[in-house]
Amino acid sequence: MTIAVIKDVLGGKFALGDTVTVRGWVRTRRDSKAGISFINVHDGSCFDAIQAVAPNTLENYNHEITRLTTGCSVMVTGTVAESAGQGQAFELQATAVEVVGWVEDPDTYPMAPKRHSMEYLREFAHLRPRTNISGAVTRVRHCLAQAVHRFFHERGFYWISTPIITTSDAEGAGELFRVSTLDMMNLPRTDDGKVDYKEDFFGKEAFLTVSGQLNVETYACALSNVYTFGPTFRAENSNTSRHLAEFWMIEPEVAFADLDDMAALAEDMLKYVFQAVLNERADDMAFFAERVDKEAISRLQHVIDNKFVHMDYTDAIEILQKCGKEFSYPVAWGVDLQSEHERYLAEEHVGAPVILKNYPRDIKAFYMRQNDDGKTVAAMDVLAPGIGEIIGGSAREERLDLLDQRLEDMKLPKEEYSWYRDLRRYGTVPHAGFGLGFERLVAYVTGVQNIRDVIPFPRSPNNADF
RNA sequence: UCCCCAGUAGCUCAGUUGGUUAGAGCGGUGGACUGUUAAUCCAUGUGUCGUUGGUUCGAAUCCAACCUGGGGAGCCA
């Protein structure tokens, strides 16, 4: 028995007349009174399902095959044949159809062979992988992840597995999820009544990481070109289509690099992974372009074909002030840009991803490198139309005296950063990096509007089912 | 967390300016037809009208709170 994946059968890897067995799930069944049934079977190996043609001479035709419904699992053995019908080059002339698992009540199987809303599918996170759209998202997501690793590997970057648990509650941004083994009903207390974290698993307070950046900087200052690719956690009460409490982030960090090196790296990386998706997942991208977002393919091609627009924060402020558009929030040098401002720049002014650079120091994180003008830092955001900030990065302050000054200005506890400061005390080097939100990337590529639909099991405020 | 909108059949939605028996398409089921392909045609069932409370002779319809979802904002990736 030759087991075959559907991708290989449809892709012509087998000769006409070969007998193969495919295994998967029924998408639809159509009966013909000519004495045959058409069974569309998918196995995830490619976008398309294979059409198996089952004749009524099969011994289980009447009592099993004609009862197959969407979702049943089957093993179909048959000979590879040119399709007599439209819609596919090859099909399987079935010689045996084994039903592996029935759908116990077709009337209540949630995944009907029809269009469902994304919100509805989200309620069935365990069954939505069987849908066209979820399967396509999954394959594109995988393709992007592989392309990211390949891109960095080809450039001599090492993948660093930075820790998921951290005992530093001062990583910079965001609310943290606590990690504890203490009995919450019976907390150990110190003499002054506070929770005694010395009794906790790590002997101190611990949290889930909000970024691998500070840790990965240590490896950049030794192995030169490194990156992280792993899960990240933010306990923020964000209820939007572009935020998750648990998401994946890619954070390259490069020694002896400056902000423009990072901008170039970000541009190269995005173009590389977009090209990979167009090359490797043409089937899924065609589906997205047809059913989800007409621009899904042309948008990627446009990004690949054009140089990214670079813009200084100061110039962006001027553009926004002179564009004649009414904004809800006024624009002035020194204020952080609002979503409406970023959207105008990316969607209307440029019409493609735009790199904004050199933000005012006072609205940015302590570790960003101060520019010579004394008021800006070497930070950048890559803004994508429709998504907003997809990448945030900066050159890191490698000069200890300036770093310490920033820690003091922002009232951050120096002792918490002793190991981070050590990098500046022992053989410091200029270095820079950025963070790319992986789900935002998948959403941008597929055109899927809500980030909760491009991760298998989304976690957000009030939602951690499955 | 804030602002706005929505919650009616398994799904997508229409409807009710408060009043007897609540509607369509799709899906399911039965049949017809067909190398079909989200097939087509005919038939067919289904609803505590989000939850709780209030107003009222009467609420699915009006009001309030809550829950859930969506859009936007903030936080950011």
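In what follows, chains are A, B, ... by sequence order, proteins preceding strands, each numbered from 1.
At a threshold of 4.0 angstrom between heavy atoms, the contacts of A/Tyr329 are confined to the sugar-phosphate backbone, with no base atom among them. Counting any heavy atom pair closer than 4.0 Å across all strands shown, A/Ile250 reaches no nucleic acid atom. When heavy atoms are screened at a 4.0 angstrom cut-off, A/Phe38 is found touching base atoms of the nucleic acid. Among the protein residues, A/Glu119 comes within range of the sugar-phosphate backbone only, with heavy atoms under 4.0 Å from sugar or phosphate atoms but none that close to a base. A/Leu441 comes within 4.0 angstrom of no nucleic acid atom, judged by non-hydrogen atoms across all strands.
Donor-acceptor pairing under 3.5 Å, judged by distance alone, is present between the side chain of A/Arg234 and the base of B/A77. In the interface, the side chain of A/Gln88 is paired with the base of B/U36 through a donor and an acceptor atom under 3.5 Å apart. Between the base of B/G35 and the side chain of A/Gln93 there is a donor-acceptor pair shorter than 3.5 Å. Between the side chain of A/His116 and the base of B/C11 there is no donor-acceptor pair of N/O atoms closer than 3.5 Å.
Using modelled atom types and a 3.5 Å distance limit, the side chains of A/Asn40 and A/Arg30 yield a donor-acceptor pair. For A/Tyr420 and A/Glu217, the side-chain atoms include at least one donor-acceptor pair closer than 3.5 Å. With hydrogens and angles left out, the side-chain atoms of A/Thr376 and A/Asn371 include a donor and acceptor closer than 3.5 Å. For the residue pair A/Arg396 and A/Ser394, a side-chain donor N or O sits within less than 3.5 Å of a side-chain acceptor on the partner. Side-chain N/O atoms of A/Asp43 and A/Ser45 include a donor and acceptor closer than 3.5 Å. Defined by atom type and a distance below 3.5 Å, a donor-acceptor pair is present between the side-chain atoms of A/Ser83 and A/Gln88.
For the C1' atoms, the distance from B/A22 to B/G45 is 15 Å, rounded to whole Å. For the C1' atom pair drawn from B/C41 and B/C3, the interatomic distance equals 50 Å after rounding to whole Å. Nucleotides B/A38 and B/U55 are separated by 48 Å at their C1' atoms, to the nearest Å. Nucleotides B/A24 and B/U46 place their P atoms 12 Å apart, quoted to the nearest Å. On the C1' atoms, B/U17 is 15 Å away from B/A60, given to the nearest whole Å. Nucleotides B/U51 and B/G7, compared at atom P, are 13 Å apart to the nearest Å. B/C66 and B/U1: their P atoms are spaced 11 Å apart (whole Å). For B/G27 and B/G72, the P atoms lie 32 Å apart once the distance is rounded to whole Å.
Atom pair A/Glu439:CD and B/A77:P shows a separation of 14 Å (rounding to whole Å applied). In this structure, CZ of A/Phe327 is placed 15 Å from C1' of B/A73, rounded to the nearest angstrom. Atom pair A/Asn239:CG and B/G72:P shows a separation of 13 Å (rounding to whole Å applied). One interatomic measurement links the two molecules: CZ of A/Phe124 to P of B/G69, which rounds to 14 Å at whole-angstrom precision. What separates CD of A/Glu123 from P of B/G10 is a distance of 13 Å, to the nearest Å. Put simply, CD1 on A/Ile363 is 13 Å from C1' on B/C76, counting in whole angstrom units. To the nearest angstrom, C1' of B/A77 lies 18 Å from OH of A/Tyr227. Across the protein-nucleic acid pair, A/Phe90 atom CZ and B/G35 atom C1' stand 18 Å apart, rounded to whole Å.
When base pairs are accepted only as Watson-Crick or G-U wobble with both N-N or N-O distances under 3.5 Å, RNA chain B takes part in stems of 3 or more pairs at B:1-7 with B:67-73, B:10-13 with B:23-26, B:28-32 with B:40-44, B:50-54 with B:62-66.
Of the side-chain N and O atoms in A/Arg122, none sit less than 4.0 angstrom from OP1 or OP2 of B/U68. Phosphate proximity of B/G70 to A/Arg452: present, with a side-chain N or O under 4.0 Å from OP1 or OP2. Contact annotation: A/Asn462 reaches the phosphate of B/U68 (side-chain N/O to OP1 or OP2, under 4.0 Å). Residue A/Ser238 has no polar side-chain atom (N or O) positioned under 4.0 Å from OP1 or OP2 of B/C75. OP1 or OP2 of B/G35 sits under 4.0 Å from a side-chain N or O of A/Ser32. The side chain of A/Arg343 places an N or O atom within less than 4.0 Å of a non-bridging phosphate oxygen (OP1 or OP2) of B/A73. Between A/Ser339 and the phosphate of B/G74, there is a side-chain N or O to OP1/OP2 separation shorter than 4.0 Å. Of the side-chain N and O atoms in A/Gln338, none sit less than 4.0 angstrom from OP1 or OP2 of B/A73.
When each of A/Ile451 and A/Ile36 is assigned the nucleotide of RNA chain B with its nearest heavy atom, A/Ile36 is the one assigned upstream, toward the 5' end.
The pair A/Lys364-A/Asp362 fails the salt-bridge criterion, with no side-chain N (NZ, NE, NH1 or NH2) lying under 4.0 Å from an Asp/Glu carboxylate O. A salt bridge links A/Asp453 with A/Arg128: at least one charged nitrogen is closer than 4.0 Å to a carboxylate oxygen.
The only member of A/Met262, A/Met311, A/His310 that meets side-chain contact (heavy atoms from CB on, under 4.5 Å) when paired with A/Lys357 is A/His310.
Side chain of A/Leu244, nearest nucleotide from B/G35, B/U1, B/A77: B/A77. Here the side chain of A/Asn450 is nearest to one of B/A77, B/A73, B/G71, namely B/G71. The side chain of A/Thr240 approaches B/C75 more closely than any other nucleotide in the set B/G70, B/A38, B/C75. For A/His243, counting side-chain heavy atoms from C-beta on, the closest listed nucleotide (B/C75, B/A77, B/G35) is B/C75.
Between A/Phe157 and A/Phe151 there is no side-chain heavy-atom pair separated by less than 4.5 Å. For the pair A/Tyr109/A/Arg130, a side-chain contact is recorded, criterion being any heavy-atom separation below 4.5 Å from C-beta on.
In this structure, A/Phe247 packs face-to-face on the six-membered ring of B/A77, meeting both the 5.5 Å centre cutoff and the 30° plane limit.
Of the possible donor and acceptor atoms, one in the side chain of A/Thr70 sits under 3.5 Å from a partner among the backbone N and O of A/Arg27.
A cation-pi geometry, defined here as NZ or CZ lying under 6.0 Å from the six-membered ring centre and within 45° of its normal, holds between A/Arg299 and A/Tyr444.
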Polar-atom pairs under 3.5 Å, protein N or O versus N or O of nucleotides 26-28 of chain B: list them with distances, or write none.
unit_1 : atom_1 : unit_2   : atom_2 : d
B/C26  : O2     : A/Lys114 : NZ     : 3.4
B/G27  : N2     : A/Asp107 : OD1    : 3.0

